[in-house]
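Reading through the structure tokens given below for one structure.
Order of the sequence lines sets the chain letters (A, B, ...), proteins ahead of strands, with each chain counted from 1.
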There are 2 protein chains.
Amino acid sequence: MRLVIARCSVDYIGRLTAHLPMAPRLLMVKNDGSVLVHADGGSYKPLNWMSPPCRLVEADGQWTVTNKAGEQLVITLEDVLHDSSHELGIDPGLVKDGVEAHLQVLLAEHIETLGDGYRLVRREYPTAIGPVDILARDPAGSAVAVEIKRRGEIDGVEQLTRYLELLNRDPLLAPVRGVFAAQEIKPQARTLAQDRGIECLVLDYNAMRGLDNSADRLF
Amino acid sequence: MRLVIARCSVDYIGRLTAHLPMAPRLLMVKNDGSVLVHADGGSYKPLNWMSPPCRLVEADGQWTVTNKAGEQLVITLEDVLHDSSHELGIDPGLVKDGVEAHLQVLLAEHIETLGDGYRLVRREYPTAIGPVDILARDPAGSAVAVEIKRRGEIDGVEQLTRYLELLNRDPLLAPVRGVFAAQEIKPQARTLAQDRGIECLVLDYNAMRGLDNSADRLF
DNA sequence: CCGTTAATCTCGTAA
DNA sequence: TTACGAGGTTAACGG
């Protein structure tokens, strides 16, 4: 990894065009050729960048980074205040927990969260347009399709609606009810769901973890 | 901005929990207190990070970064290979061009792209669930609602469908036809649109720019 | 390789 | 402040 602090101007020409006026910034050149231009603020997203695979040509105080699609990042350097290189090696990578997949496992394990007498049919129930998160049967034996989100927004309701439309064409399943389950459900999503006869269910992640069988945990 | 190259392990406890084993990495500490942990590969996203506003406490080879929500990033340093600080000042910021807003302006200016005899009613035509990109009248005087995307995907068709449902409740407008306009329309989106009687229109950004009245340009 | 979906999304804008 | 849509989204996963 090479780190350069320099006054520079940057132009990106690709999916859009963008320009950064001359100012002091950090240029990070990674081992895979990718280049990141960072300012001393903002969040983790660089002001401008080129993703790998790409090629960096340095000539006459100007860096030209090109990728296979012909997108270009042109960096013009005026004053170089710092320039150092470092060998880091390959990173062992990140281990995560707490995302939608885990919510799905937890709800499948504790399907009674939907109500007493519910039975799990399966997780990732396949359909022509993709898998439904959970398919279950209610105490009366009717099919119930569950869409799980960390944050329940309008797109998730649309997604569940498409699944329900398809599942209800299957005479072995119909009628299929929908349940929209999320840690947090936005008001607009809730309104749309209710308008379509879809039940909303707020999941308590920590409470469900508390019920969790530790042998089955993802981590 | 402070740049540290060090062997470190990192733990994030917040919206999820995540762990990085001990390995050499770049630690970037920005002026606003935010911290980025970068490896020598991957793309512009750091392996782990804390967004501002947050506070960094350094004690005994361990950095603890905490934000207002109580999320924590704990970095344990083993070997510090590099440590330097640099004053960059406030960045003047980025200038962009080529996005959806510009497509909307261009199509409104050249409404005949929809067909001969079309007339613009207005851009950003307001409805209860948000503005429709363009409302127009066809040569017969019927209302036409246009949804514009850079890339036409299934979500955009859903969005236009919701607008059409609402607009068609207005007796002064109904019946309202839909046009889904984009630089590129994905097959699934096209299929869904056709299924719903929505016309698809592929926009040629460069050709429309060529027609553009230069006095009205955004840039 | 393509399509779909999630994301500690980020980032802007408007109500 | 919140909500919503767009993103050079990026990244992961499955067919």
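- Look at CD on B:Glu153: it is 13 Å from P on D:dT10, rounded to the nearest Å.
- For the pair A:Ala189 and A:Ser51, both in contact range of DNA chain D, the more 5′-proximal nearest nucleotide belongs to A:Ala189.
- When each of B:Met50 and A:Gln159 is assigned the nucleotide of DNA chain C bearing its nearest heavy atom, the one mapping closer to the 5' terminus is A:Gln159.
- Whole-Å rounding puts the B:Ile148 CD1 to D:dG7 P distance at 12 Å.
- Distance, B:Leu16 CG to C:dA7 P: 9 Å, rounded to whole Å.
- Remark: side-chain polar atoms of B:Glu71 are paired, donor with acceptor, to backbone N or O of B:Arg15 under 3.5 angstrom.
- To the nearest angstrom, P of D:dA6 lies 10 Å from CD of B:Glu124.
- With values rounded to the nearest 0.5 angstrom, B:Thr76 atom OG1 is found 4.0 Å from B:Gln62 atom CD.
- Between the CZ atom of A:Arg190 and the C1' atom of D:dT2 there is a distance of 17 Å, rounded to whole Å.
- Remark: the backbone N or O of A:Ile148 is paired with a side-chain donor or acceptor of A:Asp133 at under 3.5 angstrom.
- For the pair B:Leu94 CG and D:dA6 C1', the interatomic distance rounds to 15 Å; values are reported in whole Å.
- In this view, B:His86 and A:His82 satisfy the ring-ring contact (aromatic ring centres under 6.0 Å, His included) rule, not counting sequence neighbours.
- Between B:Glu109 and B:Arg123 there is no salt bridge, since no side-chain nitrogen of the basic residue lies less than 4.0 Å from a carboxylate oxygen of the acidic one.
- In this structure, the CD1 atom of A:Ile154 is 15 Å from the C1' atom of D:dT2, given to the nearest Å.
- With hydrogens and angles ignored, the 3.5 Å screen pairs no side-chain donor or acceptor of B:Asn168 with any backbone N or O of B:Ala174.
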Please produce a list of atom pairs where a protein N or O lies less than 3.5 Å from an N or O of nucleotides 11-15 of chain C.
from   : atom 1 : to      : atom 2 : distance (Å)
C:dC11 : OP1    : A:Ser43 : OG     : 2.8
C:dC11 : OP2    : A:Ser43 : OG     : 2.5

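- Atoms CZ (A:Arg123) and P (C:dT5) sit 17 Å apart, rounded to a whole Å.
- Proximity note for A:Glu147 (side chain, C-beta onward) versus C:dA6, C:dT8, D:dA6: the nearest is C:dA6.
- Between B:Glu158 and B:Arg162, none of the side-chain N atoms (NZ, or NE/NH1/NH2) sits under 4.0 Å from a carboxylate O, so this pair counts as no salt bridge.
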